[in-house]
Each structure stands twice: as structure tokens, then as C-alpha cells.
Amino acid sequence: MSANTAATAARETDKHINIYEPHEWKHSTQVASVTWKNPVGTASGTFQYAAVRWFYDVSQLGAVCTKGCSPIPWEGNPSPRTAEGPASNLNAVGLQNPGVDHYLEDDLPKLKKAGAMVIANVAGHCDDDYMQVVEKLADSDADMLEINVSCPNVTHGGMSVGTDPVALATLMDKLRPMTDKPMIVKLTPNVTDITVPARAAVEHGADALSMINTVLGMRLNIRTGEPIIANKTGGVSGPAVLPIGIAAVYRVRTALPEIPIIGIGGIDSGEKALEYLYAGANAVEVGAAALFDPVAPLRIARELDDLLDERPELAAKLAAGKTWR
Amino acid sequence: MSANTAATAARETDKHINIYEPHEWKHSTQVASVTWKNPVGTASGTFQYAAVRWFYDVSQLGAVCTKGCSPIPWEGNPSPRTAEGPASNLNAVGLQNPGVDHYLEDDLPKLKKAGAMVIANVAGHCDDDYMQVVEKLADSDADMLEINVSCPNVTHGGMSVGTDPVALATLMDKLRPMTDKPMIVKLTPNVTDITVPARAAVEHGADALSMINTVLGMRLNIRTGEPIIANKTGGVSGPAVLPIGIAAVYRVRTALPEIPIIGIGGIDSGEKALEYLYAGANAVEVGAAALFDPVAPLRIARELDDLLDERPELAAKLAAGKTWR
Amino acid sequence: MTTFTPTHDVVAEATAAGFFPPRHTVEVTQVTELTDRVVRLTFRDAFIASHAKPAQFVNLFTHDDFMLMPRPFGVSEVEGDEVSVIFAIIGHGTEQLAQLQSGDMVDVLGPLGRGFNLKQDANYILVGGGLGVPPLVYAAQKIADLAGSVATSVIGYRDAHFGEEYVSRYTDRSFSIDNAQGNVVDLLNQLEQSGELYATDHTPIILSCGPLPMMKAVAAWAAERDIPAQLSMEQRMGCGYGTCVLCTVDTVDGRLKVCSDGPVFTREQLGWGK
Amino acid sequence: MTTFTPTHDVVAEATAAGFFPPRHTVEVTQVTELTDRVVRLTFRDAFIASHAKPAQFVNLFTHDDFMLMPRPFGVSEVEGDEVSVIFAIIGHGTEQLAQLQSGDMVDVLGPLGRGFNLKQDANYILVGGGLGVPPLVYAAQKIADLAGSVATSVIGYRDAHFGEEYVSRYTDRSFSIDNAQGNVVDLLNQLEQSGELYATDHTPIILSCGPLPMMKAVAAWAAERDIPAQLSMEQRMGCGYGTCVLCTVDTVDGRLKVCSDGPVFTREQLGWGK
Ligand SMILES: Cc1cc2nc3c(=O)[nH]c(=O)nc-3n(C[C@H](O)[C@H](O)[C@H](O)COP(=O)(O)OP(=O)(O)OC[C@H]3O[C@@H](n4cnc5c(N)ncnc54)[C@H](O)[C@@H]3O)c2cc1C
Ligand SMILES: Cc1cc2nc3c(=O)[nH]c(=O)nc-3n(C[C@H](O)[C@H](O)[C@H](O)COP(=O)(O)OP(=O)(O)OC[C@H]3O[C@@H](n4cnc5c(N)ncnc54)[C@H](O)[C@@H]3O)c2cc1C
Ligand SMILES: Cc1cc2nc3c(=O)[nH]c(=O)nc-3n(C[C@H](O)[C@H](O)[C@H](O)COP(=O)(O)O)c2cc1C
Ligand SMILES: Cc1cc2nc3c(=O)[nH]c(=O)nc-3n(C[C@H](O)[C@H](O)[C@H](O)COP(=O)(O)O)c2cc1C
Ligand code: FES
Ligand code: FES
């Protein structure tokens, strides 16, 4: 995206895409042997079917990753939960969600009925939380599970599981036997070396990795001198984090040549999605861009589909479950 | 800064500041008992006297932090060394510099003659490098030393000293006895918990901390599918990293209430400098903003001087060597 | 400051396909400074004009890529296919929006949220303060079209009465007070005593929008009298259309989204005034 | 797309205080598309107009806050207080600069770098290709003013001869070739044989700007004949004025800064052609 206007897509691709026109997807991808009709999904926490269904047909996306799901309803953090950074958004939702039972009764069946490929994002304050959720999702219609071990907003003995490779391995050893569903582990960038938890996750059963979750950040109000977000710190997302996400994918791809990777962070155009694919991702998820325009994920998918036309080598690799690197 | 124009300053402060007019600085600060005439300095690597002297009187800055200095001349990384991110810059200079002897003969005397308050930034690939530089700077005219233990571009057994609290403590134990000059340790944000190296540095003799250095990032060329920077990854700086720097300062200030802190990262206006002061910094350094406009550091200093007029409580604390938090 | 004129009508594309229009670019037709740092901005948008309900809002977007997040503003008036908002310049986003000029383009998403419920025939007492006034202007405009209802406005100002001409343009009776004289609850009491507040056979229903302490006081005042009250809330938002859960308010039913469960909540939902 | 007109003249403020002007906002006076994706942009800047030397460049800045980094372009012509650059649209920055229109404002810093050395009376042979042509146009313009020197241009084009009219406007003799016919070294050889290249008593000096392989070949050609060659380099830049060391080129004297040690280097400095 260049200037902050709705006309951006048209400028970047040099042509206007009517995202509402029926479209035959030309370039599929595979993530842990699951075929996506295109490489673009939504990122967890920025997609709710009840809100998005008015704007476009969600079955057109490569996948839909739903909001972090906990064993019981969580009320999350107090408001204000958000602030703005230069080219970014900060959030501290604290994983508010109505719980896994509601998810199984309401969101999931609706999404499946709408024809979506669904990734269920799993959240927890402790190992037991994760286990309860995975147990209930094991026999569900969810196509893939994404284990969020990285949310910086929730205190888990201080840090998140994603920052401690031993804790992560322990958790994966518990979760892995519970289901045959493809299990994606979603990593946090707030670590010294992201290849360390990446390796731990893969060695303990992850079928794929996704990255990055939000980057720790904060804003203060210069009228009051106090933090803007009630939780004080929050997670940075949006265009500003793009180079951080690209570096994470590239480094993990270099360390682990075979593992499927979903690239996340700052994607707001087909070109940026493409950049993640060149960094070694098999697919991408779009988060904050959807806050600024509801149809961003679908527009990006369409832009990417056209960009891949001119890149047959990359397209063929993705369709075969391989990557550029 | 809002829109990317030279008229920005005028809009932000609602008035035009003529930075060339003689100015009586109204609000000083103290960093490790050294008084700065105002709280704004330049960040290491984005200020060279030979280049900047044509643009403004460098003695007007709170301080001038010079480019990382090594025992012998270093040639740095091959080109290209830079790429652009949304609201950011990526760099992989690899600490090219003409070495400490040249610094002592050329840059430092010129800067002191020009009336600048000088922070000498010290770089090294190993402990011995740092020791050689500090030894030579110990009796120099430099007002403060800043130990860069965080540059992500230089391989030091893989990671930088700043990511390993034990290595950092060991280094500080060697450097501390070598000089009475105030010693600032400059921290990297590329760690799981920045308060850990912060504490190690302070417990082993740091008189002050500065943060953040650049954030690990990368960009690829979507025409070739290859990294733009020859070094592949680089360090992200500029507006995009602001919330990351603010969070770092706030968290370290909370963990270490007494240590002087210089806030760095994404500062391009007096308002953002002020935000760092509210987060708990005693002063700030301006980096990438100077790439986009040579006079940015001085403009920011002037904007902040006016903003502090309306904040007598904060201004009084800073002048007394205390901070907002 | 202008922007790129879109060559395609995304609103038409979306609605033709049966979907709600996404963010799109519209033309600014008028920008007026009402008082110091308060601006009325009008843009042309047939879709929003024909669908917006009072207390619904629109997300406006600046042209500054540093500020990607939506700026939500309550719709304050609709004339033909033109939609107006009234806003205070409080930060860099509103500062930049205030610099738009007639003929410039601006990005918009909306109408968003659930508006006031005006189904019942009633004497709608519009109680507002400060920047809560703009949505009430639109409520008054809509009530003026309802055969069975009347509108009474009771507005508190800090000092300048910036929206007054707009409110009184549409209300049947309008009253105001400023900080020097007292607050809106003082005024409500005064008007109750003088009988002016209920000078009609209609059942009173309060619609309120304004600063939190004011709305709490108004809810308490209404609760004491068993008058229904609908209160329009504000919260920092991420998306404005219900997808991110960044905009919650604590209610008796838990943390609800201001943007899509609200912005209008009843005093019972908020647990205020009991 | 326009921007905010500065209310103060920072160039005047800076120069009055004895300093070089910082980044400042200037008016675009003309934008012309020369060929597909190649644009000539003219802006009014008395300071740059009166100081710029051939092969010096200016940093232009987009209005897009996603793209904060400078876009450097060689000065290609100066007329009165108007300065022109010619650039190819290769990415989002140049795409956006190409959308500027006469009357819009743009931010600029310059003139930057060290230009060609034109002190010696000579037959300056301007050897260029592609986007190396714009600085050579300005070299030709300046040489035309020098009583003791002449200019001969030898330009290679990929296909469209976009800058040709500008080069030939100022050179004493101009020759060109395109990819279908051969490269500039072929043309140099041809002109040498035909005698056209040295059809004057002046000592030949090569000034070159263009793609790296071309300049290396030209340097080698010059070295064989002991003709001095000044080569203008390109590199991705951070600041453009010598403060960040992001723009280095490997020379026999080590890694030097293209922006302030260059962009012009001799073939000896670059170690080319020996
Ligand atoms: C449903 C709703 C309706 C509103 N209607 C009006 C109206 O009719 N007139 C009016 O003047 N204002 C209204 N507001 C408040 C208005 O949205 C903010 O004043 C505006 O977003 C501030 O933007 P800024 O860039 O100037 O401030 P900044 O502080 O620079 O903005 C930074 C971020 O914080 C958000 N923010 C800051 N203050 C507020 C706030 N008070 N409420 C919500 N978000 C905020 C911004 O949207 C932005 O994302 C409404 C808010 C909501 C939620
Ligand atoms: C001294 C000098 C003089 C130049 N003169 C001219 C000229 O007269 N005409 C012309 O068409 N071009 C010239 N260039 C190249 C021109 O600067 C780039 O084409 C332009 O910056 C690309 O910007 P973009 O946003 O379209 O590309 P993007 O790829 O989107 O830019 C991303 C970043 O990379 C940088 N970049 C990309 N390509 C180049 C490049 N080739 N050289 C330097 N930086 C690059 C940009 O400046 C920006 O910082 C010159 C470069 C230098 C260093
Ligand atoms: C409002 C919001 C809520 C989020 N909630 C979740 C969540 O519940 N689980 C999760 O794994 N990630 C969550 N994320 C992180 C995103 O999925 C994504 O990893 C991150 O925002 C970076 O991508 P982006 O730059 O495209 O937004 C959330 C992000 C945002 C902005
Ligand atoms: C081109 C460049 C070179 C840098 N060189 C150094 C260096 O030599 N030593 C150091 O400690 N930091 C160096 N830095 C980091 C900056 O001093 C600063 O910490 C960082 O850029 C964040 O601040 P900013 O966002 O204001 O740029 C460099 C940064 C840039 C952009
Ligand atoms: S702002 Fe996103 S749900 Fe309300
Ligand atoms: S670009 Fe900064 S030194 Fe050359």
C-alpha cells in the first residue's frame, strides 16, 4: 500500500480488480498437506464471521483463522484496548472470546456452512487450557488448528509459552497425541532467536508454523503522560512490522527447510504477500489490514493471484507444497 | 510527524520554529550527572560531523553521539546496505568506521572545538576490541561513552553481547575499571526480555542505559525474489519502531527506577521525544529522522523545548536528574 | 490536499453483488469551521445518506499513512446524498481531516453501529453535551420526519454553543445551558419544574450522547423517574464494524462491542442509575 | 496530489544564517511523460538552480509516509530558477512522484554530491546509457557555456530514445545507438575509426553515467587509450549527504560514499580498466 486511500489497490497493480466478480482461483497452495484455494487467509483476532459476512463471501479466502478460543468464555482486558503507532496498530484485547463451546455451536458451523476453510486458533493461560480446547476441537469440523503460544497480552507465569522452548516442547507433547488435525504453532517475534522455539515446536510435533504474532509496544498520551491502553503495553501489528515478519520467516525457513510456514505481519497488498512467499512462506495471513478495510484480505488474495501469473516457477512450487527457498 | 513534508514541524506545533535563530535553551536534563543543555541528542550512526556541520551548529544539540568506533578501521558490509520498510529504514552498515585513532585525531577534536557535548559510541567484535577502544577513549575529550553491545549486523559468535546477560556482565567487568567517564550501555530490542540485559549492565557498572538499537528485519525484491540488502537481514529504524522503543524504556524504567535512560527509536518530532520522557527517559537520541532531513535533531530539540514550557513538573524533574516515572 | 479519484465505483460493485460497501473514496463537498477547533465536514455518499440512522457513525480515514486507524464520527445531518459530521480537532487525525477542502476526496466506511431506536411514538428528549451533540442533531432531523413523535433538546455546552443552530433547526423545543450556568441535569430539573420538559402528551424517552460523567448522571436522573434512556457511547476502536473486539464497554451482559453491539445502549444494559 | 504550502522560507532562513538549506518544499512547475514510464519533472528552486553542478543530484521525497527514504535523481537541466530531473518509474516512489502535477509541492534536498570536474578545456565525450542520460544532459548544458570546451555525446538506448532531444540540444555533436544495433562501446569504436569522435583539437575526456556493465566497459575502453574517465555511480542511499555510510562503493581507497565522496569517481579510483 502506498497512500492511505481506497484507490490504493488500483495503483499498485495498475488495474482495478472487482473483488465481487466471480473468480476462478489460479494459484493454490498447500499447508501441511491441506490445499488452500489461494495462499491468503485471515489472521486470528481480526476476523469475525458475524462482522465480515456482510462484506464478502468468506469462502473465497484461502483460509479463515478465527479468534483465539479458550476453554471457557474470557472477558479480556479492560478498555481502552487500542492505540495507534506510525503505520501500525497496538492492541491489548487480552483474548476476549466466548469460549470453545460457543465456538463449536455457533461460529464454526456457520463458517463451514459458508464454505470456508477454517483454522481454529487455540488460546490458553496454562497447558490445561490448551488441552481442553484441543480436545473439543479434535473431532470438530475445523480444518486446521493454530496454537497461539505467543500472545504477549496474557500473563502465563510472566512470559508466554512461545518464549520458552522447554515449556513449548512440554505443551506440544501434551497436545500432539490428542488429534490428527494439522497443528500449526504460531510464534511470537518477542524472543532473542525465533529459530529456537521454531525448532522446539517442529521437533515436538508441529505440522506447520505461523509467524509473527504482534510485537511488544506501547504508546503514551502526551496530554496526561499516561499509557493510552489500559493494559499499558500492547501488541504492534500492521505495515510497520512487515520487515520484522519477513526476517522471521526467512530465518526460520533457512533453519528448517521443510516445515510449512504461514507468513504474517504487515501484509496489506498482494505485493507484500508475495514478498513473504519469496522469503519462504507457503501461505500468508492478513491481520490489521482488515481493520482499515474489511475487504482487504480478499483484495490481497486477488492481487496475489494475478502477481503469481507472472511467476510460474513460484506458483508451481506452492501448488506442490514446496516453497521458493 | 504526520504527512511526509518539510512543513510537518509547523503543523505539529502549530507554529513555525526558525531553528537558525539564536535560542536560549530553557530546559536542560541530566544523564548520569552530565548536564545536557536540552534533552535531544543524535543517535550513533546517523551523525557525522563532516556532513552535518554544513546544516546547523552542532553545539546546539543536547549531545552528539558519534558512529560506532572500533580499535582499527573496519570496512563494514558490502553494498547495498539499505532498504526501505513502511515508515522505516533498514540498515546493514556493519559498523564501517575509520577506527579509534582516526576518531581521536579527527572527529573528536573537531566536535569539541565546535562546542559539542560528545558521546563516543564504542563497537567491538569481541571483548578485546571494546577494551582497546575504551582504553584509548579513557583520557580523551569525549564527555560520555556509549557501549554498543547490540548491533545486530556484526556476528560475535553468532549473537551480540547484548542478548546474553552473562557475556554482557563479563564485558562490563572488564570495561568498568578502565575509565571514570560516564558509561552508557546501549541495549538491543532483539531479546525476549529487555529488563534482563538492562539489569546485568547496571549491576556491572553501567552509569546509564540507552535503548533501542535497531530491530531485526528484512526486505526482498519481488522482481528477483532475493534479499535487497547484501547482508540479507538488517536493522529496522525510524517511525515504525517508536512503540517498540517506548515499551522498552517504560519496562526498563519500571524495573530499574533510578538508572538514567536515553530513549531512542522512531523519534521524528518534539511530541515523540516528549512521549519517551513520559515513558521514563531522561533524554533521547534521534537516528533515522536525520536521514530524511539533516536538521531533524535540532528541530526536534526546539519543538521539545517549547512543549516542556507547558509541563513545568516534568521539566523540573529532568533538570534535577530525575524522571517522570 | 486531494487524493486519487477512484476510477471504479466500489459501492456499486459491492451492492450489486449483494454486499455492504467496503471502504471507499468520496468527495468532500463542504468544510466549515463552526467555532475554534470544531469543524463541520460534508461529503457526498448516496449509500450512507440513504441508510444512516441517528447515532450510527462513519469511519473516516486520513491521507497520512502514519495514521491508518479509522476515525469514527457520528452522522450529524443528511441532505439529499450529502452526509455531514461535526468534529472537534483533538489530535493529528482530526487536524488533518479539518484541512480537507471542498473537492478533495476522503475515504469512508459506513454507516456503522446500531442507531437510536425511534420506533415508539414519543417525546424524545435529546440530552447532550460537547461532542455528543452531532449525533443528536441527526436524531432531531429524523424525529422531525416522524409524524407521531416530537423532539426536545437539552444541551450542555462548555462555552461556545457550536452545534446549537443545527439542533434547534430540527427540534420542536430546544434548551441549553453552559458550564458557567450549570450542567444538563440542572437544566433537566429546571425544565421539569417549569413543566417545559413534558409540555406534550407524548411519553418521554431520553436519547443521550456526551461525556461519560454526564451520561451517567442523565441515566441516574432518568432511572429515578423511570424514563427509558438510550445512551450513545464512545470507545477507541480498531475496525468499527465488529471484527476486532477492541472497543468494548462493560455492561450487565459482559464486555460488549461499542461499534457493533452499540454505540447505543440502554441504561439497564449499562447498569447505570440503579 | 498537493501538500501543505510552507509559510516560511527555510532556504532563506538557512542561508541567512550561513548554512546549507535543509530539506524544504518547492513548487512543481512542469511534469511531462517523455516515453512510457519515463518522466521529466521540473520544480522551482533558486538555490539549487544556481548551485547545481553536472552529476550532482537532489533527494526528492514522496508524500507517502510509508516511503520516508530519499529518492535521489541527477539534475538534468537548469533554466533560470527551474530545475529538471528525468526519471524512470521503477517502483512505488517514482510512481508517486510521476503523479505530481504542475502547481503541486514536493520536498527536496540538494544539490548533493560532487559533480564532474569540468575545469580543463577539453572535448568532453559524454558516454551514457538508459537512466544515466539525465546527468549528461546537464553536463552538456554546462559545457556549452564553457568557451574552451566542446561536448560530444555517445548514448546507448535500450529502445526508446527518450532523452535524445535534450542531449542534442546542448552538445556540439551527438551520436546514439540502440540495443538492436549494438552497444556504446561499438559506437565509440565506430566513431573513433571514422574520426568523428576526435574531430576537434581538444583533449578528449570521458564523462560517463549509466548501467554498471556499460561504465566498466567504457572505463576499460578509455584506459586502453589513456583517456581520462569520470564515472558517475549509483547506490541505494540512506541520507544522500554523507552522514550514514549506507551508500558505499568499493574503490582502491576502500569503501567510499557514493553520495558525498562521489557520485563521480575516476576510473583509477574504481580500479577499472587496468
Ligand atoms: C462511535 C463514535 C462516534 C464519535 N462521534 C464523534 C463526533 O460526532 N464528533 C467528534 O468530534 N468526535 C466523535 N468521536 C470521537 C472521535 O472519533 C475522536 O475524537 C477522533 O477519532 C480523534 O482522532 P485524532 O486523530 O484527532 O486523535 P488522536 O488521539 O491522534 O487519535 C489516535 C487514535 O485514537 C483514537 N481516538 C482518540 N480519541 C478518541 C475518542 N475520543 N474516541 C474514539 N477514538 C479516539 C483515534 O480514532 C485514533 O485511532 C466519536 C467516537 C466514537 C467511538
Ligand atoms: C546519485 C543517484 C542519481 C540518480 N539519478 C537518477 C536519474 O537521474 N534518473 C533516474 O531515473 N534514476 C536515477 N537514480 C535512481 C533512482 O534514485 C531510483 O530509481 C529511485 O530512487 C527508485 O525509487 P522507487 O521508489 O521508484 O523504487 P523502490 O524500489 O520502491 O525504492 C525503494 C528504495 O530503494 C531505493 N532505490 C531503488 N532503486 C534504486 C537505484 N537504482 N538507485 C538508488 N536507489 C534506489 C529508493 O531510493 C528507495 O529508498 C539515481 C540514483 C542515484 C543514487
Ligand atoms: C485486534 C487483534 C487481535 C488479535 N488476536 C489474536 C488472537 O486471538 N490470536 C492470535 O494468535 N493472534 C492474534 N492477533 C495477532 C494477529 O493474528 C497477527 O499475528 C498480527 O496482528 C500480525 O499481523 P498483521 O500485521 O497483519 O496484523 C491479533 C491481532 C490484532 C490486531
Ligand atoms: C544508518 C544507521 C547506522 C547506525 N549505526 C549505529 C552504530 O554505529 N552504533 C549504534 O549503537 N547504533 C547504530 N544505529 C542505531 C541508531 O543509533 C538507533 O539506535 C536506531 O536507529 C533507532 O533509532 P531511530 O529509529 O531514531 O533511527 C544505526 C542506525 C542507522 C539507521
Ligand atoms: S472496533 Fe473492532 S469490534 Fe469494535
Ligand atoms: S547515503 Fe548516507 S552517507 Fe551516503
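What you see below is based on every heavy atom in this structure, not just the backbone, and it leaves out hydrogens, waters and symmetry mates. Throughout, protein chains are lettered first and strands after them, A, B, ... in sequence-line order, and every chain is numbered starting at 1. Quick caveat: nothing in here was measured; it's all calculated off a predicted structure.
Contact of A:Val191 with chain B is made through backbone and side chain together, with heavy-atom distances under 4.5 Å. Residue A:Leu90 touches chain B through its side chain alone, counting heavy-atom pairs closer than 4.5 Å. Using a 4.5 Å cut-off between heavy atoms, A:Glu310 makes no contact with chain B at all.
Annotation: maximal heavy-atom pairing with chain B below 4.5 Å, among A:Pro243, A:Ala247, A:Ala240, occurs at A:Pro243. Among B:Ile244, B:Ile222, B:Thr163, the residue making the largest number of heavy-atom pairs under 4.5 Å with chain A is B:Ile222. Chosen from B:Leu314, B:Asp164, B:Leu242, the residue pairing most often with chain A at heavy-atom distances under 4.5 Å is B:Leu242. No other option in B:Leu274, B:Leu277, B:Val236 has as many heavy-atom pairs under 4.5 Å with chain A as B:Leu274.
When side chains are defined from C-beta on, B:Thr188 does not count as touching B:Ile212, because their heavy atoms never get closer than 4.5 Å. Side-chain contact between A:Arg253 and A:Trp324 is absent, with no heavy-atom pair separated by less than 4.5 Å. Looking at heavy atoms from C-beta onward, B:Arg251 lies in side-chain contact with B:Ile194 at the 4.5 angstrom threshold. Side chains of A:Ile229 and A:Met218 form no contact here, defined as non-hydrogen atoms less than 4.5 Å apart.
Remark: the backbone N or O of B:Lys186 is paired with a side-chain donor or acceptor of B:Ser150 at under 3.5 angstrom.
Side-chain contact, B:Asn89 with B:Thr82: a donor N or O sits under 3.5 Å from an acceptor N or O.
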